[in-house]
Amino acid sequence: QGANVAFGASRDSSGPVEVTADNLSVNQSDGTALYTGNVVIGQGDMRLAAPRVLVVFAEDNSKIERLEATGGVTLVSGEDAAEAERADYDIDGGTIDMAGNVLLTQGPSAVTSERMRVDLDAGTAQMSGRVKTILQNGDQ
Amino acid sequence: QTNDAAMLVADEVLIAGEDQLIARGNVEALYQGSRLTATRITYDRDTDTLQLDGPVRLTDPQGNLLLADSGSLDSTFENGLLRGARMVLDEQLQLASVEARRVDGRYTQLARVAVTSCQVCGANQVPLWQIRASRIVHDEEEKQLYFDNAQFRILDVPVFYAPRLRLPDPTLKRAAGILIPSIRSSTLLGFGIKVPYFIPIGDHQDVTLTPYLSPVTRTLEARYRRAFRNGDLTVNAAVTSDTLDEGPRRGYLFAEGAFDLGRDYKLSFDIEMTSDDAYLNDYDYASKDRLDSELTITRTKAKRYFEIGITHYQSLVDGEDNATQPTILADAIYEQRLFPAALGGELRMGLTAHGHFRYSDDDIIGRDINRLNADLSWRRRWTLPGGVRAGVLGQLWGDAFSISQDSTSDNNVAQLTPAAAVELRWPLIRTAANGARDVIEPIVQFGWAGGDRPNIPNDESTRVEFDEGNLLALSRFPAADRRERGYSTVYGLRWMRDNPSGWSAGLTLGRVTRDEADDAFSRSSGLGGTESDWLVAGHFATRSGLNVTARGLLDGDARFSKAAARAGWTNSRLDLGASYVLLVTDAAEDRPEALSEWSFDGSYRFNQYWTGLADWRYDLASSNLAKAGLGVNYTNECVEVGFSVSRKFASSSNLEPSTDFGLTVALKGFSTGGSAKDYRRSCGG
Amino acid sequence: CGFTPAYGPSGGASALQGQVRLDAPGGRASYLLNQRLEERLGHAPTGRYALSYALKTGRDDLGTTSEGVTSRYHLSGSATWSLTDTDERVVASGKVDSFSSYSPTGSTVATRASQRDATARLMIILADQLVDQLLLQASDLPA
């Protein structure tokens with residue numbers, strides 16, 4: 001049976017990325033921009049919120065290569081949501097690596113672990129490090 | 001609330017698809033005390049099933065264990081199918097099956113099963129015993145195992161088949177069911193089998209019914225036990241019809257109970273009845289020569305003792321006629337100890353009322369006696385200069401007797417008997433160079449008792465003993481119907497040594513001299529004449545568990561008129577006990593020929609599994625064996641086998657010499673068979 | 001020859017006199033054992049030392065006649081004892097073991113009287129053995 005998207009719904013990792021934040025400081029020399037204060041990053045119907053996000057642009061400054069969110073990250077996609085202390089979003093690779101007290105909630109069931117890798121293209125979430133989950137079956 | 005849902009813990013969890021969750025690496029699922037581990041668990045939320053891979057292990061709160069190669073369960077582990085399943089109940093009983101089906105978290109149905117509690121090391125080794133069955137259902141709630149087409153095998157050889165079989169699971173404490181059957185064959189009753197059936201009645205009562213069938217007898221033995229809040233009751237009985245022509249219906253009833261009535265009052269009773277004199281010995285239920293039914297109430301305090309009781313005797317010995325034996329007795333005792341500060345020392349007061357009744361009304365042999373005895377004594381001890389311990393005793397006995405149906409005796413007698421004694425002891429101690437310590441204690445006592453013997457029969461004091469316990473007593477007769485009188489001097493010596501290398505020894509010597517001989521003392525009492533036999537008593541003990549005590553009475557020409565010894569040696573492997581007794585002929589004690597007997601009983605643990613038992617009794621006077629028995633026990637982690645053979649050589653009109661063989665086989669791992677846990681063996685090594 | 005009176009100045013036994021208190025008796029046997037111990041050591045319910053013992057008794061049937069009747073009994077008794085000081089420290093301990101005998105060949109009342117007398121004698125034997133062991137260890141008692 002086809003692996004329907006486990007994390008978030010109908011996602012396109014090449015869509016435009018909008019960033020809103022209280023303030024921004026740009027560092028031309030190493031090609032990075034630091035957003036701080038209620039930072040929210042949106043792409044399609046995925047939202048990533050964190051108090052501090054470092055954006056790393058590609059060599060030719062044409063597009064964002066990587067995002068590093070720290071200080072308590074919340075990632076929401078469709079009806080799934082995940083929280084962790086930090087998250088690294090590799091846009092080209094289409095993967096988000098979250099670490100530190102990761103909590104993934106999918107409908108009724110919740111899973112905790114130390115690290116989680118979300119593969120946005122394959123639609124899977126790989127959790128590791130003392131993974132614990134409550135097996136809520138169906139819509140109990 | 002999450003505690004009604006299972007929790008999954010793993011090193012890695014892959015969430016694939018909407019409902020699929022794959023957990024790998026030290027995977028554990030926990031649900032209400034049950035714990036499931038596997039190398040990989042795939043949980044499908046839609047169908048709520050856990051697919052289990054790799055060695056699967058499920059333990060429930062009661063400690064039962066279910067292992068499997070693979071399978072699937074629902075998230076509450078209550079329903080599912082496990083392949084290559086092996087179940088271990090209470091760490092003892094192993095059930096290996098091709099497939100196990102869990103139903104409602106209560107039943108586990110195993111297909112094509114082999115059950116054993118024996119250790120199996122390596123694939124090809126065969127367990128000592130096993131039960132194979134096409135199907136076994138384990139009911140966790142009732143703690144029962146139901147077998148279909150059960151085949152019992154010893155070393156893989158089928159020996160017994162049962163289409164249906166039910167056995168209790170090892171954790172079941174009080175279940176109705178068959179206990180360990182035993183085989184008993186005796187020359188008297190032939191080859192018989194006893195199959196006890198246990199029936200619990202609530203938590204505080206139970207009944208065990210044991211049919212005992214052999215070519216000669218059909219017997220039903222019964223035991224009823226009941227525990228009360230302040231006491232307990234046990235009844236053992238049996239009813240028999242056999243071909244030993246002792247009557248159509250035979251049987252016995254023994255009941256005993258003890259109750260705490262509060263404020264230190266204790267009531268105890270026992271009832272003993274049997275249909276005919278030989279029954280107890282024929283069926284080896286008890287080796288009693290007289291049955292005594294008794295009801296007593298006692299109260300014991302530090303300085304007061306009270307007892308009141310009534311007893312009924314029935315003699316089983318042929319040649320003893322119940323009519324001329326006292327069969328109904330009543331006793332009451334009250335003793336009090338006071339310590340008056342002004343006077344110092346100890347004041348003792350005692351009051352005893354006693355009556356015994358014989359059915360027969362013939363003169364002399366049918367006499368009945370009632371007596372009331374009071375005694376008042378004061379005693380005190382001092383330490384004199386030089387370490388001499390002096391003791392003074394003043395005693396007054398008040399006795400009243402009423403004797404009926406005995407023309408040779410006064411009917412009513414009352415008498416006051418004063419007595420006094422002075423005792424001197426001089427204990428000396430020494431510590432030798434090597435740390436050995438000795439105490440030597442010379443003793444001397446001067447005694448006097450007034451009054452002279454009333455004309456009353458000697459019914460109760462016909463068996464007088466002389467040992468270190470009454471060496472210094474003012475009257476050595478066991479009952480009040482006889483008292484010692486006149487002047488007496490006792491001299492003795494006590495010695496004891498305690499050696500640091502782990503042994504200790506002691507010796508007591510003593511002799512009583514009196515101004516007039518007392519004809520109430522029989523020849524073998526050692527107290528006859530004006531000079532008693534020499535009392536020689538010694539004991540020897542080592543810290544390694546050996547313990548010997550011996551005592552003898554040396555008469556005038558240095559020959560033992562009485563001797564006895566008792567030895568015991570117990571350590572981790574050995575438990576031996578030996579006794580010796582020598583009594584010279586003594587018409588007054590109805591002993592026409594000398595008694596000299598040596599008896600031994602012991603058990604030796606050859607190793608962890610084999611224990612040998614032996615006991616015999618050898619009559620030195622007639623130099624033949626009176627009783628002999630041999631036994632061997634084998635016990636390992638899954639079986640306990642006991643075999644014994646014993647022979648009694650006694651013969652009289654109602655006893656025949658008989659040899660008994662006994663065999664019991666107990667399978668461990670079922671609750672009736674005893675625990676297999678304390679014999680755990682490990683493979684290899 | 002090295003002997004000194006136990007109740008003399010350097011014997012140590014006087015320290016025990018009137019200083020040993022006993023546990024309450026549980027039945028006729030321990031009542032008699034306590035009675036003899038207090039006769040020898042003095043009645044001292046508030047004494048410095050506490051003596052407690054575990055008493056075990058048994059009976060062996062012997063002298064089986066040719067008719068299978070038991071003609072002799074040995075009443076066995078043993079008591080493991082310990083003496084503790086006020087600070088609950090065990091300052092002395094030991095075990096006494098002995099037996100007394102009686103013949104059940106008389107009438108029922110004679111057998112009953114001799115059985116009760118045998119119990120009483122056994123308790124006196126055990127008590128006297130216990131006092132001997134106490135005398136031997138008396139000099140080790142702490143000041």
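Proteins get letters first, then strands, A, B, ... in listed order; numbering begins at 1 in each. What you see is a predicted model; the values in this text were computed from it and never measured. Any value given below was found using the heavy atoms of this structure, including those in side chains, with hydrogens, waters and symmetry copies removed.
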Using side-chain contact (heavy atoms from CB on, under 4.5 Å) as the criterion, point out the one residue from V464(B), L582(B), D586(B), L595(B) that pairs with S524(B). D586(B)

With side chains defined as the heavy atoms from C-beta onward, is the minimum distance between K303(B) and H43(C) less than 4.5 Å? yes

Against chain C, work out which of E335(B), K648(B), K266(B), R476(B) has the most heavy-atom pairs shorter than 4.5 Å and name it. E335(B)

Heavy atoms only, distances under 4.5 angstrom: which of A24(C), S107(C), G94(C), S14(C) has the most pairs with chain B? Name it, please. S107(C)

Ion pair D264(B)/R304(B), N-O distance below 4.0 Å: no

For N470(B), which atoms come within 4.5 Å of any heavy atom of chain C: side chain, backbone, both, or neither? both

Tell me, for I369(B) versus chain C, whether the close heavy atoms (under 4.5 Å) come from the side chain, the backbone, both or neither. neither

Would R551(B) and F99(C) count as a cation-pi pair here, with the cationic atom under 6.0 angstrom from the ring centre and within 45° of the axis? yes

R437(B) portion near chain C, given a 4.5 angstrom heavy-atom threshold: both

Specify which of Q35(C), Q137(C), E38(C) makes the most heavy-atom pairs with chain B at under 4.5 Å. Q35(C)

Name the region of D481(B), side chain, backbone, both or neither, that has any atom closer than 4.5 Å to a heavy atom of chain C. neither

Pick from L22(C), D132(C), T70(C), L135(C) with the largest number of heavy-atom pairs that fall under 4.5 Å of chain B: D132(C)

E307(B) with R28(C): basic N within carboxylate O range, under 4.0 Å: no

Does D438(B) come within less than 4.0 Å of R497(B), counting only side-chain N to carboxylate O? yes

Would you tell me whether R59(C) and Y102(C) have side-chain atoms, one donor and one acceptor, within less than 3.5 Å of each other? yes

The interface call for T383(B) against chain C, heavy-atom contacts under 4.5 Å, is side chain

Between S100(C) and R121(C), what is the shortest heavy-atom contact and its length? CB-NH2, 4.0 Å

Please classify the contact between D97(C) and chain B as side chain, backbone, both or neither, with a heavy-atom cut-off of under 4.5 Å. both

At a 4.5 Å cut-off on heavy atoms, which part of Q115(C) comes close to chain B: side chain, backbone, both, or neither? neither

Pair count under 4.5 Å, heavy atoms only, with chain C: among L428(B), I429(B), L583(B), highest is I429(B)

Within 45 degrees of the axis of the six-membered ring of F306(B) and under 6.0 Å from its centre: does R299(B) put its NZ or CZ there? no

Which bit of K301(B) comes within less than 4.5 Å of chain C, counting heavy atoms only: side chain, backbone, both or neither? backbone

Measuring only between side-chain heavy atoms, which start at C-beta, is D289(B) closer than 4.5 Å to E320(B)? no

Using non-hydrogen atoms and a 4.5 Å limit, figure out which bit of R40(C) sits close to chain B: side chain, backbone, both or neither. both

In terms of heavy-atom proximity below 4.5 Å to chain B, should D23(C) be classed as side chain, backbone, both, or neither? neither

Look at E39(C) together with R381(B) and state whether they make a salt bridge at an N to O cut-off of under 4.0 Å. yes

Winner by heavy-atom pair count (cut-off under 4.5 Å) against chain C, out of T298(B), D331(B), V388(B): D331(B)

Only pairs of heavy atoms separated by less than 4.5 Å count here; which of R425(B), E346(B), K627(B) has the most with chain C? R425(B)

Considering only heavy atoms, which portion of T311(B) lies under 4.5 Å from any heavy atom of chain C: side chain, backbone, both, or neither? side chain

Let me know if R380(B) has heavy atoms under 4.5 Å from chain C in its side chain, its backbone, both or neither. neither

Can you find a heavy atom in the side chain of L134(C) that is under 4.5 Å from one in the side chain of L41(C)? yes

Test: R72(C) and E597(B) ion pair at under 4.0 Å: no

Please evaluate residues E423(B) and R389(B) with respect to the criterion salt bridge (Lys or Arg N to Asp or Glu O under 4.0 Å), reporting the C-alpha separation (whole Å), side-chain torsions for both, the decisive distance (0.1 Å), and the verdict. CA-CA 8 Å; E423(B) 174 193 317; R389(B) 286 285 290 170; over 6 Å; no

Ranked by heavy-atom pairs below 4.5 Å to chain B, first place among G8(C), S114(C), P104(C), G63(C) goes to G63(C)

Specify the closest pair of heavy atoms between E589(B) and S103(C), including all atoms of both residues, with the distance to one decimal. OE1-OG, 4.4 Å

What closest approach, in Å, do R566(B) and S76(C) show between heavy atoms, and which atom pair accounts for it? CZ-CB, 3.3 Å

Contact class of A433(B) relative to chain C, heavy atoms under 4.5 angstrom: neither

Most contacts with chain B, counted as non-hydrogen pairs under 4.5 angstrom, among Q17(C), K95(C), R36(C): Q17(C)

Given that the side chain runs from C-beta out, which part of Y305(B) has a heavy atom under 4.5 Å from chain C: side chain, backbone, both or neither? both

Would R617(B) and D61(C) pass as an ion pair if we require N to O under 4.0 Å? yes

With a 4.5 angstrom heavy-atom cut-off, is it the side chain or the backbone of R290(B) that approaches chain C, or both, or neither? side chain

Between chain B and each of N34(C), V109(C), L62(C), count heavy-atom pairs under 4.5 Å; write down the option with the most. V109(C)

Give, as side chain, backbone, both or neither, the part of D498(B) having an atom under 4.5 angstrom from any heavy atom of chain C. both

When heavy-atom pairs shorter than 4.5 Å are enumerated against chain C, which of R379(B), R591(B), R494(B) gives the highest number? R494(B)

Heavy-atom contact with chain C under 4.5 Å, split by part of V439(B): both

Most heavy-atom pairs under 4.5 angstrom with chain C, which of E468(B), M496(B), K288(B), H354(B)? M496(B)

